[in-house]
Amino acid sequence: MTAQPRYEPRIEDETLYLDHDGDRLEVGPMEHIVDRIGETYTLEYTEEQSAAAWLQTDSDNTITFDVREVVGKMTHTQEFVANLENCPLDQTTPDGEPKRTALFVDLITEIWDSKGNLDG
C-alpha cells in the first residue's frame with residue numbers, strides 16, 4: 001500500500017499555500033482565514049471522550065488552539081486539495097472573501113469539529 005501524498009502548508013507574505021512535489025495551490029490570505037475562524041478555536045468534548053488517555057483537555061473538557069499555528073502545520077490529502085482546486089480563487093463571496101478561502105475555512109472547521117471522525 002502506498003502512502004497518500006500530503007500537501008504541506010506554507011505561509012508566505014500572509015498568504016496560505018498548500019505544496020506537494022512542486023505543485024502549489026494558493027488558498028488565500030491568512031487574514032480572511034482568521035477573520036472567519038478567529039485567532040483561536042475551541043473543541044468541546046463529552047466526559048466520555050475526554051476520559052481517553054491520549055486526550056488532554058482543560059478542566060471544562062475543551063481544547064483551545066491557535067488557528068494560525070495549526071493552519072500552518074496541518075497537512076492535507078490530495079482529495080482535500082482537489083476540492084479546493086475546483087473552487088475559484090478569483091471569485092468572491094458576498095462578504096468579499098475569495099471563494100476558495102471560504103471553502104477552506106468550511107472544510108477545515110468541519111474536520112476540527114468532527115475531531116477526526118468525518119464519518120460520524
Side-chain angles (χ1 to χ4, degrees):
M1 183 154 107
T2 60
Q4 291 289 328
R6 301 295 292 190
Y7 284 73
E8 299 284 336
R10 301 275 182 263
I11 300 172
E12 295 176 8
D13 297 325
E14 284 301 303
T15 298
L16 176 65
Y17 299 90
L18 300 177
D19 296 338
H20 174 72
D21 283 346
D23 289 334
R24 171 176 265 203
L25 178 72
E26 182 177 343
V27 175
M30 284 299 298
E31 175 184 7
H32 290 285
I33 294 169
V34 171
D35 282 349
R36 285 189 56 130
I37 299 174
E39 289 289 339
T40 61
Y41 199 78
T42 301
L43 298 176
E44 296 180 15
Y45 292 87
T46 65
E47 288 288 331
E48 184 178 344
Q49 291 169 324
S50 65
W54 58 268
L55 187 62
Q56 296 180 359
T57 61
D58 294 334
S59 60
D60 61 352
N61 297 328
T62 63
I63 294 176
T64 301
F65 53 86
D66 181 271
V67 168
R68 289 177 187 273
E69 182 179 337
V70 171
V71 165
K73 292 180 181 177
M74 189 174 174
T75 63
H76 302 282
T77 65
Q78 191 171 16
E79 180 181 13
F80 182 93
V81 172
N83 283 331
L84 294 175
E85 284 177 323
N86 291 324
C87 189
L89 185 63
D90 59 352
Q91 294 179 14
T92 59
T93 66
D95 295 331
E97 299 170 340
K99 285 187 175 183
R100 183 181 296 162
T101 307
L103 177 60
F104 174 83
V105 167
D106 292 345
L107 293 174
I108 199 76
T109 54
E110 181 180 346
I111 291 169
W112 293 342
D113 290 340
S114 73
K115 301 167 189 85
N117 182 13
L118 290 177
D119 297 327

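Hydrogens, waters and symmetry mates play no part in the numbers below; they use all other heavy atoms, side chains included.
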Note: Leu16 and Met30 closest approach over all heavy atoms is CB-SD, 4.0 Å

Quick check against the 3.5 Å criterion: does Gln49 have a side-chain atom that pairs as donor or acceptor with the backbone of Thr46?
yes

Would you check if there is a donor-acceptor pair between the side chains of [Y] and [X] at a distance under 3.5 Å?
X     : Y      : value
Thr62 : Asp60  : yes
Glu44 : Asn61  : no
Tyr41 : Asp113 : yes

* Asked: Which is it for Arg36 and Asp106 under the salt bridge (Lys or Arg N to Asp or Glu O under 4.0 Å) test, yes or no, and what are the steps along the way?
  -> CA-CA 9 Å; Arg36 285 189 56 130; Asp106 292 345; 2.9 Å; yes

What's the verdict on salt bridge (Lys or Arg N to Asp or Glu O under 4.0 Å) for Glu12 and Arg24, showing C-alpha distance, side-chain angles and the deciding distance?
CA-CA 12 Å; Glu12 295 176 8; Arg24 171 176 265 203; 2.9 Å; yes

Output the distance between atom [atom1] ([X]) and atom [atom2] ([Y]), rounded to the nearest 0.5 Å.
X      : Y      : atom1 : atom2 : answer
Leu107 : Thr109 : CG    : OG1   : 8.0 Å
Phe104 : Glu97  : CZ    : CD    : 13.0 Å
Leu18  : Glu8   : CG    : CD    : 9.5 Å
Thr15  : Glu31  : OG1   : CD    : 10.0 Å

Axial cation check for Tyr17 ring with Arg10, 6.0 Å and 45° limits |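 No - Arg10 does not lie over the ring of Tyr17 by the 6.0 Å and 45° rule.
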
Quiz item: Can the ring centres of Tyr7 and His76 be said to be less than 6.0 Å apart?
Solution: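 Not under 6.0 Å, so no.
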
Salt bridge between Arg68 and Glu14, side-chain N to carboxylate O under 4.0 Å? yes

ask   = Is any side-chain N of the basic residue among Asp90 and Lys99 closer than 4.0 Å to the acidic one's carboxylate O?
value =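 Result for this pair is no, no salt bridge flagged.
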
Do Val71 and Val34 share a hydrophobic cluster (ILVMFWY, side-chain heavy atoms under 4.5 Å, transitive)? yes

